[in-house]
Amino acid sequence: EALKAKSIELGDKLSHLQFSEGALVNLRGGFSSIFSNLQSTKVSFEHVNEEIREKTDLTSKLDVQFTKLSGVKKNSSDLERKIHDLTVFQNSLVETQGELRIEFIAAVNEAMHETWKNIYPYADYSSCRIVASEDDYALEVLSSDGWKPIEQCSGGEKTSAALALRVSLAMVLVPNLSWLVLDEPTHNLDSQAVNLLARALHETLPSIVRQTFVVTHDEALKEGASGAVHFFHRDKDNGAATIVETLS
């Protein structure tokens, strides 16, 4: 009886709710479809999340690479600026070197022209000079036919030109030092040239070079000394020490 009464009560409530079993079946079918779509969407959502994580990792790596590339670009700009500055400096150095070379050669040639007449005793060559090429220097003497390479001259003429060059280099390069050291300067010179050199050492060079040291076997150069003259000799056969004798 109690169950019957409960059943009647529930029937009244169902009637009041306008319950339809068919509608319930439809609702359950719709719920199943929605639940299935939800599960599918959830799986898709997980895939999307995985892609987002992958893209985020890739973005982080790209950010690191971009930072590195920015640093490389900055370093590249710095290097380009330094290369530009070095190129400007190199061009300036080359230009300055060229100008200094021209001035140096002109100064040496001017000194050689003045020195030549005090060293070379003859009139066939009136001057000498150095001529610069791209990678070398040449020594020339001036004759009535024009400038002549020193290679075409005699041994004495070559020696005279070499002496003029040495004196001129000493005058131009180290004017404050004012020393000149000559080792066997009379090699290939005849007696007239030796006498002229001795006179130049005694009379002319002291006004140009403060101190001149001459090492020679030619006793004729003693006449050119304006200071001390020393004679060195030793007994080579017996291995004796060098003996120095002051002559003047």
Side-chain angles (χ1 to χ4, degrees), residues 1-112 129-140 149 151 165-166 168-179:
E1 288 294 328
L3 291 174
K4 184 178 179 181
K6 188 67 174 177
S7 176
I8 293 172
E9 181 183 355
L10 291 175
D12 291 339
K13 289 182 177 181
L14 288 174
S15 297
H16 181 70
L17 292 173
Q18 296 181 349
F19 171 74
S20 171
E21 189 172 353
L24 178 61
V25 172
N26 290 334
L27 286 175
R28 284 178 176 173
F31 176 78
S32 297
S33 176
I34 291 173
F35 183 78
S36 176
N37 289 335
L38 178 62
Q39 292 298 110
S40 176
T41 302
K42 186 177 179 180
V43 172
S44 298
F45 180 75
E46 291 297 329
H47 289 163
V48 171
N49 274 342
E50 182 64 26
E51 289 184 1
I52 290 175
R53 284 192 292 269
E54 292 176 357
K55 295 297 189 292
T56 302
D57 292 341
L58 180 60
T59 302
S60 298
K61 293 178 181 179
L62 290 175
D63 286 339
V64 173
Q65 293 296 326
F66 179 76
T67 302
K68 292 181 179 179
L69 288 175
S70 298
V72 171
K73 183 178 179 181
K74 183 178 181 301
N75 291 337
S76 177
S77 299
D78 293 341
L79 287 175
E80 287 179 358
R81 186 174 63 256
K82 290 178 180 178
I83 290 173
H84 175 266
D85 293 343
L86 286 174
T87 302
V88 172
F89 175 75
Q90 182 182 24
N91 293 337
S92 300
L93 188 63
V94 170
E95 185 176 349
T96 302
Q97 183 182 19
E99 293 177 358
L100 286 175
R101 191 186 195 203
I102 293 173
E103 292 183 11
F104 169 74
I105 292 172
V108 171
N109 284 339
E110 183 179 354
M112 287 180 69
R129 70 178 182 182
I130 53 173
V131 179
S133 61
E134 265 190 45
D135 54 359
D136 201 2
Y137 294 88
L139 192 57
E140 297 179 343
E151 289 78 12
L165 177 60
R166 288 182 174 90
S168 301
L169 287 175
M171 294 168 59
V172 173
L173 292 176
V174 284
N176 294 329
L177 180 60
S178 198
W179 278 14

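No experiment lies behind these values; they were computed from the predicted model shown.
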Taking all non-hydrogen atoms of both residues, which atom of [X] and which atom of [Y] are closest, and how far apart?
{"X": "L139", "Y": "R129", "answer": "CD1-O, 3.3 Å"}
{"X": "R101", "Y": "S133", "answer": "NH2-O, 2.7 Å"}
{"X": "A111", "Y": "S168", "answer": "C-OG, 3.3 Å"}

> Is atom CG of L100 surrounded by more than 12 heavy atoms (other residues, nucleotides or ligands) closer than 6.0 Å?
Replying inline: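 Buried by this count: over 12 neighbours within 6.0 Å.
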>> More than 12 heavy atoms of other residues, nucleotides or ligands under 6.0 Å from CZ of R28: yes or no?
In response: no
Roughly how far, to the nearest 0.5 Å, is the [atom2] atom of [Y] from the [atom1] atom of [X]?
{"X": "K73", "Y": "E80", "atom1": "NZ", "atom2": "CD", "result": "10.5 Å"}
{"X": "L27", "Y": "S32", "atom1": "CG", "atom2": "OG", "result": "10.5 Å"}
{"X": "S76", "Y": "R81", "atom1": "OG", "atom2": "CZ", "result": "11.0 Å"}
{"X": "L69", "Y": "N75", "atom1": "CG", "atom2": "CG", "result": "11.5 Å"}
{"X": "T87", "Y": "Q90", "atom1": "OG1", "atom2": "CD", "result": "6.5 Å"}
{"X": "L79", "Y": "K74", "atom1": "CG", "atom2": "NZ", "result": "10.5 Å"}

Salt bridge check, [Y] against [X]: does any charged N sit closer than 4.0 Å to a carboxylate O?
{"X": "R53", "Y": "E50", "value": "yes"}
{"X": "E9", "Y": "K13", "value": "yes"}
{"X": "D57", "Y": "K61", "value": "no"}

> Is there side-chain contact between V108 and L165, with at least one heavy-atom pair below 4.5 Å?
Replying inline: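 When only atoms from C-beta onward are counted, L165 and V108 do touch, with a gap below 4.5 Å.
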> Just wondering, do V174 and W179 contact through their side chains at under 4.5 Å, heavy atoms?
Replying inline: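 Of all side-chain heavy-atom pairs linking V174 with W179, none is under 4.5 Å.
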>> Between D85 and K82, is the salt bridge (Lys or Arg N to Asp or Glu O under 4.0 Å) condition met? List the steps.
In response: CA-CA 5 Å; D85 293 343; K82 290 178 180 178; over 6 Å; no
